[in-house]
Amino acid sequence: MSNIHIIGPQAAGKTTYLAALAYQPETSRSPVRQANIKVKTLNEETRELVDKAENIIVEGASLEPTQKYVKTIDDLKVYSFLIEIKRKWQNLERLQLTVRDYPGEVFKELESGSRDPIHEEFMNECLSADTQGCLILLTEWEQGIDKFYKRAFRRFIALMDEQQRLQNLRLAIAMSKCERGELWPGRLDPESDLFAIHFPDTLRFLRDNIPPTNLEFYAISAFGVLGNKDPRPNRKEELGKKDRYSVLRDPEKWSPYCLVSPLYWLSTGKRIQGYV
Amino acid sequence: MGVVYIGDRATGKTHLALELTNPRHEHVKVTSPDYDQLKLLLLDENSMSKPTDTLKPYQRYLEMNVQLPSGNKRVELDWIDTGGEVWRGNWQRDNSDKWKDYIEPIRQSEGILLILPPHRGMTFQPGVDTQEFPTEQQWCNRFETWVTFFCDQCPQIRHLAICLNKADLFCDLSQEGKKLAYRPYNSPCNWQQRHEHVLKKYFRPVYSQIRRLGEGMSSPSVKCFITSIYHRGLLELPWIYLGSFLGK
């Protein structure tokens, strides 16, 4: 069983990502379905996530921020998945994952350097010896954000070093909400077409400090686009939220993009074929 | 933690909460407290709401089942009703200690139902005495103070449902009820579409303030509703919305 932790700024879509992964919308375009991958939920908290996807996301509303109900480390939910991959002429591959989703404030504090004892506890757990890897979701790309991300990663890497995880923790850095028009064309080679363009300093810093075998870049989208030949984002912004919160535009066309790939790599160290 | 009803005097907060417990339900069934007992407690002999006490927030345990797409969810809440008087500036100034008793449950609450009255700029049904209601300008000014209140005093609240009440006085209930209807499977519209419809049709004068409210609050969840005790479907909508988040 692999322990994976998800961190990222507030409203980066961490919980929505997990809800989409747990729910697996039944559309024929679903890359997961096409790749013969099945995602099964293994505990009550993950099944609650499926209910949230069905009752909230499909019904045209946004999930609430994790920070709203996480006051202590015990409030932090543990999601447990079984991912089954069936390939031609090969045995069924099974991956069991335990995923923790941290409030965005943890990432913010990495940048500011302040230390809330609860968030410190989160980070200690996140970098503990039994963690295989971290999925770090980034979402904004406006001017100046590169410096913000670099400062956060500098602190994160210092903490990795303190915990002696610098050489043995996989980091999957993902640009989330990639259904957005400006990002969608860059999804096929995110390292070159998203990270090198929007966060050159952060990218350089990560490459200089993390062994290449432990660092991968992804573009993911919990909502996806409207169709294979219709690249309009399947999202609609919430009023007054300036891109931070949006709702699913057409549930019938819900087809998430690249949800399993980063988790597969974090868990096994191998890349899965395609963008599932 | 609970769900708090707030709003000015005589906007129908208590009646709205009471009617939710009516056993003739659609998708929200209140299992406790009992409708008839509550009626005796909250209404006078003429079936009019007794004014809510301003000494302290009126708190009651409420248990309900909400039918959602994924199945029935149980929602257990502290239903907190506040007297309309407390929203007057001079009351707050004269009773600063008591005001603290009100503001804390609001800050701690999981959801807030802000109940608003109609205003005179609306097209009312024949026979309605429009003088009972604020002018459009007064209504907008009051809304502005609500926005300031939420952004300054409680930006961390989780869910805010803004309910324009007494919809029976200014719209065709059955038509709007049909348009906004909730069905656990195949609803004609989703929460965002309902919100946009109500926002454009009934909240146009305060559109920019609602945008500002969205910007000022950390949560994504500000939704507009129309409610009436004479239409069960519309009455239940804010609760189904809250139940989607709070249900277990």
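Chain identifiers are assigned alphabetically (A, B, ...) following the order of the sequence lines, protein sequences preceding nucleic acid strands; residue numbering begins at 1 within each chain. If you're wondering where the values come from, they're calculated on a predicted model, not measured in any experiment.
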Item to check | Partner of A:Phe81 by side-chain contact (heavy atoms from CB on, under 4.5 Å), out of A:Leu42, A:Leu21, A:Thr98, A:Leu95 | outcome: A:Leu21

Checklist entry - Does A:Phe223 have A:Arg249 sitting over its ring (NZ/CZ under 6.0 Å from centre, angle to axis within 45°)? => result no

Item to check | chain B contacts, top residue of A:Asn55, A:Leu248, A:Asp51, A:Val247 (heavy-atom pairs, under 4.5 Å) | outcome: A:Asn55

Next on the checklist: Distance to the ring centre below 6.0 angstrom and angle to the axis at most 45 degrees; does that hold for A:Arg180 and A:Trp184?
Outcome noted: no

Checklist entry - With a 4.5 angstrom heavy-atom cut-off, which part of B:Ser244 approaches chain A: side chain, backbone, both or neither? => result both

Item to check | B:Ile240, part contacting chain A, at a heavy-atom distance under 4.5 Å | outcome: neither

Checklist entry - Ring centroid separation for A:Phe199 and A:Trp141, is it under 6.0 angstrom? => result no

Next on the checklist: Less than 4.5 Å to any heavy atom of chain A: does that hold for the side chain of B:Gln193, its backbone, both, or neither?
Outcome noted: neither

Item to check | B:Lys73 portion near chain A, given a 4.5 angstrom heavy-atom threshold | outcome: side chain

Checklist entry - Given A:His5, which of A:Phe122, A:Tyr102, A:Phe156, A:Phe107 fulfils the ring-ring contact (aromatic ring centres under 6.0 Å, His included) condition? => result A:Tyr102

